[in-house]
Structures are given as structure tokens and as C-alpha cells.
Amino acid sequence: MKDYNVKNIRNVMLCGHGSVGKTTLTEAMLFNAKERNRLGRVDEGNSTMDFDTLEIDRKISISLAIGHFGWKDHFLNIIDTPGYADFRGEVISAVSVSDGVIIVVDSTSGVEVGTEWVWELTGKKVLPSLLFVNGLSKENADFFRVLGEITKEFKSGIVPLTIPIGKGESLTGIVNLLTKKAYNYENRKTIEVEIPSDIKKKVDELSKNLVEGLVETDEKLMERYLADEDIAEEELASVLKKGVAKGEVHPVLCGDAYRNIGVDILSNSIVQLFPSPEERQEVEVTENNNTRDLKIDEPFAALVFKTVFEPHLGELNYIRLFSGNLTPGTEIFNVNKQVNEKVNQIFLLNGKEKEEVKKLVAGSICALVKLKSTKTGDTLALKRHKVMFEAIKFPEPSISIAIVPKSKEDEEKVSFGLNKIHEEDPCFTSHFDPELKQTLISGFGELHLEVIADKLRSKFGVDVSFEKPKIPYRETITGRSEVQGKYKKQSGGRGQYGDVKIRFEPLKRGEGFVFKNGVVGGSIPSKYIPAVEKGLNEALNTGVLSKNIVVDFMATLYDGSFHAVDSSDIAFKIAASMAFKKGIEDAKPILLEPIMIVEVVVPKEMMGDVIGDLNSRRGKIQGMDSSGRFQKIKAVVPQAEMYKYSTQLRSITQGRGNFAQRFSHYEEVPRDIAEKIIKEQKESEN
């Protein structure tokens with residue numbers, strides 16, 4: 001690896017909606033930089049960045065991947081991120097370490113839900129960004145229509161920097177509006193050509209608009225421009241770079257990654273317009289409970305933004321150096337875990353390929369191996385320099401499914417594998433639910449969870465099957481009852497005797513279980529009262545309708561009797577449970593189901609179909625908010641009706657919708673559905 005100064009490093013992430021060509025774009029960049037001797041293809045399974053067998057089989061990106069190459073005496077780190085919403089955690093990880101972002105937009109689909117999401121995410125971080133309209137050789141490709149959509153949706157600061165020559169199969173080249181130079185890409189060579197006469201007027205108009213927009217931001221340049229002085233290309237590029245760095249200007253470039261058209265201009269723009277690590281905004285760290293900006297020339301400090309488990313190598317930790325240098329043999333400190341770690345080998349990555357290096361400077365991105373305690377989100381520093389970066393904040397999973405190992409002998413392997421996969425993907429969680437007696441895995445969609453199951457098989461050698469998650473129904477009462485529970489047992493010697501009279505009454509939803517001691521006159525000695533309450537607490541875990549937990553009721557112990565010799569804690573516990581069963585049966589029990597708050601974001605034109613589907617799931621629409629071309633629908637839907645919803649939503653919206661859900665409250669199950677649930681429960685017991 002050639003030595004590079006920090007000012008010549010660029011750390012850039014590619015993001016956007018699914019299937020817009022981000023990985024293909026990275027392949028073209030690597031090929032142009034001669035890091036590859038052929039253009040890898042996602043559909044042929046030989047791309048550099050989609051190297052995992054699951055990605056090759058599915059022909060989509062599942063995890064972020066890192067590539068690097070030299071370009072115009074600069075060193076570029078490219079982080080290729082997945083576009084499917086199920087893997088959004090990878091994008092969030094990449095944002096935490098990038099100095100610039102390329103948002104890739106498809107030339108036929110235009111602005112999509114994923115485009116909106118990454119725009120908002122990177123905007124919150126004020127990351128310098130440009131947009132690349134890709135796939136211009138496709139049928140129905142229309143750069144100017146998509147440019148109009150981008151301008152309409154993202155408003156100010158959108159400036160076209162390049163435009164295409166031709167479209168669809170007739171796409172032949174690109175015009176750079178800043179330099180007013182045209183390039184032809186036939187036969188895989190970039191040749192400067194004359195601007196075609198049929199678009200010259202358009203080029204002049206757009207170039208003039210670009211220049212005027214840039215000089216307006218600089219008073220001296222404006223004066224020179226109005227005086228008809230020539231403004232050098234370097235001066236305009238400098239003004240453009242300042243606007244990009246502040247997040248005020250977002251250039252739009254175009255091309256076709258599959259045919260490698262316009263990709264070299266994009267690489268040039270990364271070098272010219274994006275900040276180096278020392279030029280980017282200061283990064284905040286916490287030190288001694290105080291927040292401050294970290295300077296790039298301070299001692300070594302890095303953030304771990306991705307952990308990867310490889311069966312034959314162990315764990316790789318992807319890190320970004322925000323300050324200082326790093327060499328093999330250095331003893332570093334994990335600030336989060338408060339443990340020492342030793343740096344063995346340092347690797348630069350191009351997909352799965354590793355290049356060992358002996359020194360890295362601030363701003364570098366690399367992989368470390370065999371760190372014992374380090375995981376995603378941890379801060380690594382020198383022990384004398386205990387700064388800590390802000391933790392990477394991942395969203396909560398939105399769906400769950402139950403898994404069962406196909407072999408009982410694999411249960412421990414499954415547990416180990418799930419823990420390792422969570423370390424790789426913090427957006428995935430798993431736990432055993434003792435109430436449902438199921439192991440539940442949770443993620444952002446069926447695709448996400450299917451990939452988890454595939455990883456268990458490919459990396460850990462265990463097969464699992466999916467089961468529909470059981471629903472944590474609840475039971476409650478709607479009436480009042482007074483019952484006696486009497487337990488009397490005599491079988492020679494000392495017997496057992498407990499006698500209680502309990503009143504059961506409903507409480508408001510969400511108030512749980514309340515026990516009240518109303519005994520007067522000593523009919524039950526106070527020492528047995530806790531046993532009565534304990535008996536009820538245990539009994540309420542098994543309701544009378546569907547064996548589910550009983551909630552939102554008050555039990556008042558108001559009378560009873562005891563035997564001086566035969567009474568005991570266990571006898572009163574059993575008596576209380578007997579009273580519970582009869583009392584709940586007499587108090588008009590009903591079944592409750594969990595209700596979820598569901599928020600769905602879809603294109604406006606698909607709103608009717610989505611609302612219709614939610615209504616068919618017994619959903620109640622609570623409201624709608626407009627967000628550009630998209631609509632956010634808020635509804636409450638029974639959890640039982642949300643099974644496989646992400647698959648249905650993807651089908652309805654052609655993959656352009658996404659959703660999130662969270663628990664809200666419990667409501668009564670409609671009688672006909674309750675009868676079916678109760679019947680199924682009784683049949684399962686037989």
C-alpha cells in the first residue's frame with residue numbers, strides 16, 4: 001500500500017433503495033482504479049462486495065462491505081451498504097464512520113422509500129452528500145424526470161453536475177456542466193468529444209444556472225462574474241466543495257454503472273468535493289463525563305462499527321481511526337468494556353480479500369482480528385487517552401418469529417450461533433419466552449429472519465425451522481363473584497385444612513392484579529394471609545378460558561376459617577387456587593389480545609391498497625401524515641393479524657413500503673374469534 005497523507009483520504013458510503021446498483025457502482029470504481037482486472041457482476045455471483053454465499057445466492061447485499069482504491073493521488077475507502085429496509089442497521093453503522101455519502105437513485109424508479117430514508121438519516125448527521133442517478137441505459141430511463149423528482153422532494157441545494165448524452169440503449173456519454181466538457185464511453189474507453197448539437201443549448205442553460213448558483217454564495221466571485229470576468233474552474237469547484245461540506249449543496253451526477261459510464265467522473269467528484277478526515281466536522285467524544293471535540297492529531301482513538309464472525313478465523317472488527325496512528329503490536333484499551341486488547345494484524349479490505357499493512361494513519365478504515373472482548377459500537381483508544389465515542393443507536397426490531405432446532409442436540413449450537421449473529425447484527429435479537437415456551441428471533445422483516453436462519457446453517461452448521469409465534473393472550477373478568485375455596489385432607493395423622501372466601505372484581509385495563517386483605521375478627525390468622533396471596537399469584541398464570549394469564553382484577557379475602565392443628569401455608573395456598581378457578585369462572589371471563597401501533601410508509605398512489613389490507617386485518621386507522629410523495633399511515637392492529645405482514649406489504653407496494661410496530665395495549669377479542677382460540681386450546685390439550 002502506498003503511503004497517503006490524511007488530507008488525501010476520502011471515506012465514502014454508498015446507500016439508497018434496494019436494487020439501484022450500489023454494488024455494481026462500487027465494482028466499476030474498483031475496476032477503473034485497476035484494483036480489479038474485470039468488472040464483477042452481482043447477477044453472475046462474482047462481485048467483490050457481495051462475496052458471502054447468502055448474498056451470491058440471493059443476489060442482494062445483506063451486510064455492508066468495504067473496498068479501497070487509489071484515485072488521482074488520493075486513497076478512497078468505499079462502504080457499500082444494503083438497500084433493503086430489513087438490513088437498515090448496516091447503513092446506520094456506515095453513517096457513523098463516513099465523511100461523505102453517495103445516494104444512488106434508479107433512473108426508472110426515481111425517488112423511493114429507501115431514498116427518502118437515507119436522505120433523512122444522513123441529513124441528521126449533516127453528512128456531505130451527492131446523488132448519482134444510475135442505470136441510464138435501461139429502457140424507460142429518464143434523467144430529467146428523476147432530477148425533477150429529486151428537486152421536488154429534497155428542495156433546496158439540488159444542483160445537476162452532469163447530464164447524459166442519449167438515454168436507454170442510445171446512452172453514449174456524459175457532459176460535465178462545471179467544465180462544459182463531454183465524454184464518450186464507447187469500447188470501454190473515456191474519450192473527450194464535442195458536446196452534441198442537440199443538447200448544446202440545454203448544456204449552456206444548465207451550466208449557466210450552476211455557475212450563477214455558485215457565485216451567489218461568494219461576494220467577490222459575484223462581483224467578478226457581473227463584471228464578465230472569467231471564473232476559473234478551480235475557483236468554482238472550491239465554492240462547490242464548501243457548499244457540499246456544509247450540507248447546503250447536493251450535486252446530482254449520472255451514468256450507468258453496469259456499462260461503466262460516468263463512474264470515473266463520480267470518482268473525480270469524490271476527490272474534489274468530499275472532505276478529508278481532517279476537514280470533516282469535529283467528532284464529539286466523552287472524556288471524564290465531559291463532552292468535547294476530538295482533534296485528529298490526538299493519540300489513537302477508533303470506533304468499532306461492524307463485527308463479523310468467520311468460522312475459520314474468528315471475529316473481525318471493522319474500525320475507523322478518528323485520531324492517531326495504529327501499528328501491529330500496539331496495546332489498546334476497550335473503553336466500553338474496560339479491558340486491554342492487543343493489535344495483532346491490521347488488514348485493509350476489498351470485500352473478503354485482506355491486505356495486511358504495518359501502519360495506518362488517522363482517518364483510515366481497517367479490520368482487526370482476534371480482539372477478545374470488542375464488539376460493534378465499542379471505542380478503542382490508548383489507556384492514557386480514555387475518550388469515548390457516542391454509541392451507535394440502532395432501532396428496535398419490528399417482527400418476531402419462533403424457531404425450533406431440527407435436532408435437539410443442536411440447541412446449544414443454536415444458542416451460540418444466535419449470540420454471534422447478534423454481535424454481527426445488533427438489529428437482530430433473540431430470547432426464550434418462558435410464557436410462550438418458544439425461542440423467538442426478532443428483526444425488521446421476513447427476509448431479515450430468513451437470512452438469520454441461513455446464517456445458522458452456513459456458519460454454525462445447524463438447521464432450524466420456523467413456527468408461528470404464539471400470541472400472549474390475556475384473560476380478565478367483566479363481572480363480580482364471591483366464592484369459597486376449601487381444602488380439607490385427612491389421611492391419618494396430621495391433616496391439611498384451609499378455608500377462604502374471596503370476592504373477585506374487575507379493574508380498569510392495565511391495572512394488573514390487586515390483592516386486598518379484608519379479614520376481620522381473626523377468622524384467618526394473619527400468618528396465613530401471605531399464603532393466600534401467593535396462591536392467587538400462582539393461579540392467575542393459568543386462566544380458565546385459554547390457560548393464559550389473568551389480569552386486571554381485584555381479589556378481596558373477606559372471610560374463611562382455620563384449624564388449630566391442620567392448617568398450614570400450603571393448605572391456604574391450595575384453597576386460594578381453588579377459589580380462584582371457581583371465582584373467575586363465575587365472574588364472566590373474557591379473552592384479551594395484544595394490540596400493536598403500526599406505522600406504514602408507502603407511496604401515495606398505493607395508500608388505498610395498504611389501508612384496505614390493514615382493515616382486513618381488523619386494523620383501525622388512526623391517522624395519516626404526508627411526507628412528500630409518501631404517506632405515513634398510523635393504525636392499531638391486533639398482533640395476531642400481523643404475522644407475515646412485511647411480505648404482504650412488500651407485495652402490495654412492489655417493495656417500496658416499510659413499517660414499524662410496537663405494543664400498545666390489550667383489548668377484548670371479538671366473541672367469534674375468542675371461541676375459536678379457546679376451542680384450539682382445548683384441542684391441543686387432548
Side-chain angles (χ1 to χ4, degrees), residues 435 471-489 496-563 566-595 665-686:
E435 177 189 342
I471 304 299
Y473 292 107
R474 295 288 182 263
E475 299 179 23
T476 192
I477 55 176
T478 59
R480 188 173 180 274
S481 66
E482 291 185 359
V483 297
Q484 180 180 20
K486 190 171 185 178
Y487 178 65
K488 184 177 180 181
K489 186 177 181 182
Q496 294 286 349
Y497 184 90
D499 177 25
V500 296
K501 292 182 180 179
I502 302 176
R503 181 184 306 114
F504 293 91
E505 302 168 273
L507 294 175
K508 291 180 181 178
R509 197 76 68 242
E511 292 189 359
F513 165 58
V514 175
F515 174 75
K516 186 176 179 182
N517 177 19
V519 173
V520 293
S523 58
I524 300 176
S526 59
K527 67 179 180 179
Y528 295 130
I529 304 300
V532 175
E533 183 176 5
K534 187 175 181 182
L536 292 171
N537 265 309
E538 291 180 2
L540 63 80
N541 288 311
T542 309
V544 299
L545 296 176
S546 59
K547 306 297 183 185
N548 283 287
I549 297 170
V550 184
V551 297
D552 304 336
F553 71 99
M554 177 187 288
T556 303
L557 176 65
Y558 65 90
D559 202 0
S561 62
F562 73 102
H563 189 281
D566 292 345
S567 285
S568 64
D569 283 345
I570 188 67
F572 274 97
K573 225 174 99 175
I574 295 171
S577 66
M578 294 167 65
F580 171 84
K581 185 176 180 182
K582 188 171 188 309
I584 296 299
E585 285 176 343
D586 292 350
K588 300 177 182 176
I590 59 170
L591 197 62
L592 303 175
E593 64 181 341
I595 304 296
H665 62 283
Y666 274 88
E667 279 184 10
E668 181 178 356
V669 180
R671 179 168 294 182
D672 58 330
I673 297 175
E675 288 174 355
K676 183 180 176 183
I677 294 167
I678 294 166
K679 182 181 177 183
E680 287 175 354
Q681 172 61 33
K682 288 180 179 176
E683 287 175 351
S684 70
E685 293 174 13
N686 297 329

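Note that the numbering runs from 1 along the sequence shown for the chain.
Ring geometry, Phe580 versus Phe553: the interplanar angle falls from 30° to 60°, so the pair is classed tilted.
Nearest heavy atoms, Gly498 versus Ala575: O-CB, 3.5 Å. For the residue pair Thr542 and Lys547, the shortest heavy atom distance occurs at CG2-CD, 3.6 Å. Contact record, Val500 with Ala579: CG2-CB, 4.1 Å, taken as the closest heavy-atom pair.
Contact of the Ser577 side chain with the Glu538 side chain is not registered, since no non-hydrogen atoms from C-beta on lie closer than 4.5 Å. Using a 4.5 Å cut-off on side-chain heavy atoms (C-beta onward), Gln496 and Asp566 make no contact. For the pair Pro594 and Ile471, the minimum side-chain heavy-atom distance is below 4.5 Å. Put simply, the side chain of Glu593 reaches to within 4.5 Å of the side chain of Ile595, judged on heavy atoms. Using a 4.5 Å heavy-atom cutoff, the side chains of Lys676 and Pro670 are not in contact.
Of the inter-residue distances, the one linking Arg480 atom CZ with Asp586 atom CG reads 12.5 Å to the nearest 0.5 angstrom. Arg474 CZ to Ser546 OG: the interatomic distance, rounded to the nearest 0.5 Å, is 10.0 Å. Taking CD1 of Ile549 as the start and CG of Leu592 as the end, the distance is 11.5 Å to the nearest 0.5 Å. Taking CD1 from Ile502 and OG from Ser481, the interatomic distance works out to 9.5 Å, rounded to the nearest 0.5 Å. Once rounded to the nearest 0.5 Å, the distance linking CG of Asn537 with CZ of Phe515 reads 9.5 Å. Note that CG of Asp672 is 9.5 Å distant from CD1 of Ile677, once rounded to the nearest 0.5 Å.
Using a distance-only test at 3.5 Å, with no hydrogens or angles considered, a donor-acceptor pair links the side chain of Asp552 to the main chain of Gly512. In this structure, Glu435 contributes its side chain and Pro472 its backbone to no donor-acceptor pair below 3.5 Å.
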Take Ile524 and Phe562 through the side chain to side chain contact (heavy atoms under 4.5 Å, CB included) test and state the conclusion after the steps. CA-CA 6 Å; Ile524 300 176; Phe562 73 102; 5.6 Å; no
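Salt-bridge check for Lys573 with Asp569: failed, with every basic side-chain N at 4.0 Å or more from each acidic carboxylate O.
Of the candidates Leu536, Val551, Leu507, Leu536 is the only one forming a side-chain contact (heavy atoms from CB on, under 4.5 Å) with Phe513.
Here Ser561 pairs with Tyr497, Asp499 under the side-chain contact (heavy atoms from CB on, under 4.5 Å) rule; sequence neighbours left out.
Residue pairs meeting the side chain to side chain donor-acceptor pair (under 3.5 Å) criterion with at least one member in residues 502-525, sequence neighbours excluded: Glu482-Arg503, Ser523-Asp559.
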